Amino acid sequence: MQFSAKVSDISKQRSACAIIAVDAKNRLGAAGRALDEVSGGVIGKILKRGDLGNKLASTLTVNLVEGPAERALLVRAADGALNRADFRKLAANSAGVAKDFKNACSYLTELEVADADTAWQAQQLALCAGLATYRFTRCRSDAKDNPLAKFTVHAPERGQLKAVKHGVEIGAAQAAGSNLARELGNLPGNICTPSYLAGEARALAKGNAKLTTTVLDEKKLQSLGMGAFLSVAKGSEQPPALIAMNYKGGKAGDKPVVLVGKGITFDSGGISIKPGQQMDEMKFDMCGAAAVFGVMRALLELQPAINVVGLVAAAENMPSGRASKPGDIVTSMSGKTIEILNTDAEGRLVLCDALTYAAKYKPEVVIDVATLTGACVIALGSHATGLYANRDSLAQELLAAGERTGDRAWQMPLWDEYQSALDSNFADIQNIGGREAGSVTAACFLSRFTEDYTWAHLDIAGSAWHSGAKKGATGRPVPLLVEYLLDK
């Protein structure tokens, strides 16, 4: 989709859909009044009829006979300044309607938003428009893409045009990255295998001088001593891969941020097999890896002057005569031995070796992203990503990035008192704790392999996909991570 920003005279701007705000007292802003005037007053008459709902972010499409716009999309705002969350509702709801038209121009930047400028508003409008246009069509014979091909954000004043353009660029890149993550997450496990992800990583780097891709195959993983990683892949016919995507936008000596994504392309649970109900959703167990791909895609669009490494630990967790068994003990790349009490706690096994490998880049920061625990879903539901960090300053930066984008996280405890739940009678550590605090003890497990650098863990088990009628990957936490990286 094409995004643009301009100072748009609504009385002359041709569009299939002009998005305008109506406050709680049915008053139009400057753009709305101008459009109403050139369209014969039809908008005002519709408002007097009370057809636009009173609920914040309610929408109503009005067909126009006169004037340059074919339609006016009315969006209910508030009487006075909005907060950021409410503005995002307006942006998302209006985009959800506008996606059905070939082009749209949003004038919602005229609204006042507390603690936010027009650049932030433009970013949110572009992000929401980009997300709204996504539709999974890869495996359908009758599916069509959403019609919206061009989205323009209005700059209220010429002096704001540069800021609005910058906001649109960021929002569009975040949307493109999120939609790539959604596409990879939505692909079925018989298509999206570790080898498929390796091919996608190579394709992403092709023709991009700032990005190089390296794929470590099973033989290389063995030579590196990644016994934990390899233990997960043993039961599958699909070979594992550790994929490294290296974006070099900064100076050669600048330390990189390393992102590590869990890429279990299908998680049956292994010998500790999952129940059959909703097992199809275990194709989403690679959404952490998909998010890393999405971030790298956004970086290629924005070209920031930073260094970022994206590591994807890709494997399939299947039961077979070769699969790891409960009670098996494996040796990780770090040298720590691990007693596998549950083969369905496999994500931490691939991640621990990838986190050890991450140290080779001498990173400034390492952040892993993983659909790690059902316990996090119970704790936080689908609204917030679980955040753990061994430095509070890093946690605060990530939380702030989540608040700015609406891709929110919530900090969870990483206290020493939880570590004893991982004590084993037979190895250095066991791969699960007890029934209590499952998300916390999973993070504690990972922390054992990240002691030499600044690290954060994002548990996206609740936020990475929707179930039910809206089943599908969300693309989170791509906006959060891109925002964090751009602020560095």
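Here the structure is a predicted model, which means the values were calculated and not measured.
- Residues passing the side-chain hydrogen bond (donor to acceptor under 3.5 Å, both in side chains) test with T109: none are found, sequence neighbours excluded.
- Y247 places a side-chain N or O within donor-acceptor distance of the main-chain N or O of P304, the cut-off being under 3.5 Å.
- Sorted by first and then second residue, the side-chain hydrogen bond (donor to acceptor under 3.5 Å, both in side chains) pairs involving residues 195-206 (not counting sequence neighbours) are R138-Y196.
- Here K255 pairs with nothing under the salt bridge (charged side-chain N to carboxylate O under 4.0 Å, His left out) rule; sequence neighbours left out.
- Under the side-chain hydrogen bond (donor to acceptor under 3.5 Å, both in side chains) criterion, T405 pairs with no residue at all, not counting sequence neighbours.
- Sparse packing is recorded around CG of D452, with 12 or fewer heavy atoms of other residues, nucleotides or ligands lying under 6.0 Å away.
- Among residues two or more places apart in sequence or in another chain, the side-chain hydrogen bond (donor to acceptor under 3.5 Å, both in side chains) test is passed with K360 by none.
- A side-chain donor-acceptor contact under 3.5 Å links T343 to the backbone of S272.
- In the displayed structure, K150 atom NZ is contacted under 6.0 Å by at most 12 heavy atoms of other residues, nucleotides or ligands.
- At distances below 3.5 Å, not a single donor-acceptor pair connects side-chain atoms of S424 with backbone N or O atoms of I429.
- A salt bridge (Lys or Arg N to Asp or Glu O under 4.0 Å) check over residues 398-407, counting only residues at least two apart or in different chains, returns the pairs E403-R408, R404-E483, R404-D487, D407-R476.
- Of the inter-residue distances, the one linking D353 atom CG with L242 atom CG reads 9.0 Å to the nearest 0.5 angstrom.
- Using a 4.0 Å cut-off between a side-chain N of Lys or Arg and a carboxylate O of Asp or Glu, K219 and D217 do not qualify as a salt bridge.
- Atom CG of D416 has 12 or fewer heavy atoms from other residues, nucleotides or ligands within 6.0 Å.
- When side chains are defined from C-beta on, L486 counts as touching L302, because their heavy atoms get closer than 4.5 Å.
- For the residue pair S439 and Y388, a side-chain donor N or O sits within less than 3.5 Å of a side-chain acceptor on the partner.
- Using a 4.0 Å cut-off between a side-chain N of Lys or Arg and a carboxylate O of Asp or Glu, D328 and K325 qualify as a salt bridge.
- S467 meets the side-chain contact (heavy atoms from CB on, under 4.5 Å) test with Q278, E281, W465; sequence neighbours excluded.
- Within 6.0 Å of NZ in K274 there are more than 12 heavy atoms belonging to other residues, nucleotides or ligands.
- Listed by first and then second residue, the salt bridge (Lys or Arg N to Asp or Glu O under 4.0 Å) pairs involving residues 226-247 are E237-R322 (not counting sequence neighbours).
- The residues K283 and D267 are annotated as not salt-bridged, no charged nitrogen and carboxylate oxygen being separated by less than 4.0 angstrom.
- Side-chain N/O atoms of E183 and Y134 include a donor and acceptor closer than 3.5 Å.
- Not a single side-chain hydrogen bond (donor to acceptor under 3.5 Å, both in side chains) links R88 to another residue, sequence neighbours left out.
- Taking the six-membered ring where tryptophan is involved, the planes of W455 and H457 are essentially parallel, since the angle between them stays under 30° and well short of 60°.
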Hey, can you pull the donor-acceptor pairs under 3.5 Å for the side chains in residues 291-301, sequence neighbours left out?
| unit_1 | atom_1 | unit_2 | atom_2 | d |
| --- | --- | --- | --- | --- |
| R297 | NE | E301 | OE2 | 3.2 |
| R297 | NH2 | E301 | OE2 | 3.3 |

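- In summary, K262 and D285 engage in a salt bridge, as defined by a charged side-chain N under 4.0 Å from a carboxylate O.
- Partners of A461 under the side-chain contact (heavy atoms from CB on, under 4.5 Å) rule, at least two apart in sequence or in another chain, are V377, D459.
- The main-chain N or O of I432 is never found under 3.5 Å from a side-chain atom of N342 such that the two would form a donor-acceptor pair.
- Side-chain N/O atoms of T385 and S463 include a donor and acceptor closer than 3.5 Å.
- T118 pairs by the side-chain contact (heavy atoms from CB on, under 4.5 Å) definition with P156, Q160, V164, not counting sequence neighbours.
- More than 12 heavy atoms of other residues, nucleotides or ligands lie within 6.0 Å of NZ in K336, so this atom counts as buried by the packing criterion.
- Side-chain atoms of D428 and T337 include a donor-acceptor pair closer than 3.5 Å.
- Nearest heavy atoms, A314 versus I243: CB-CD1, 4.5 Å.
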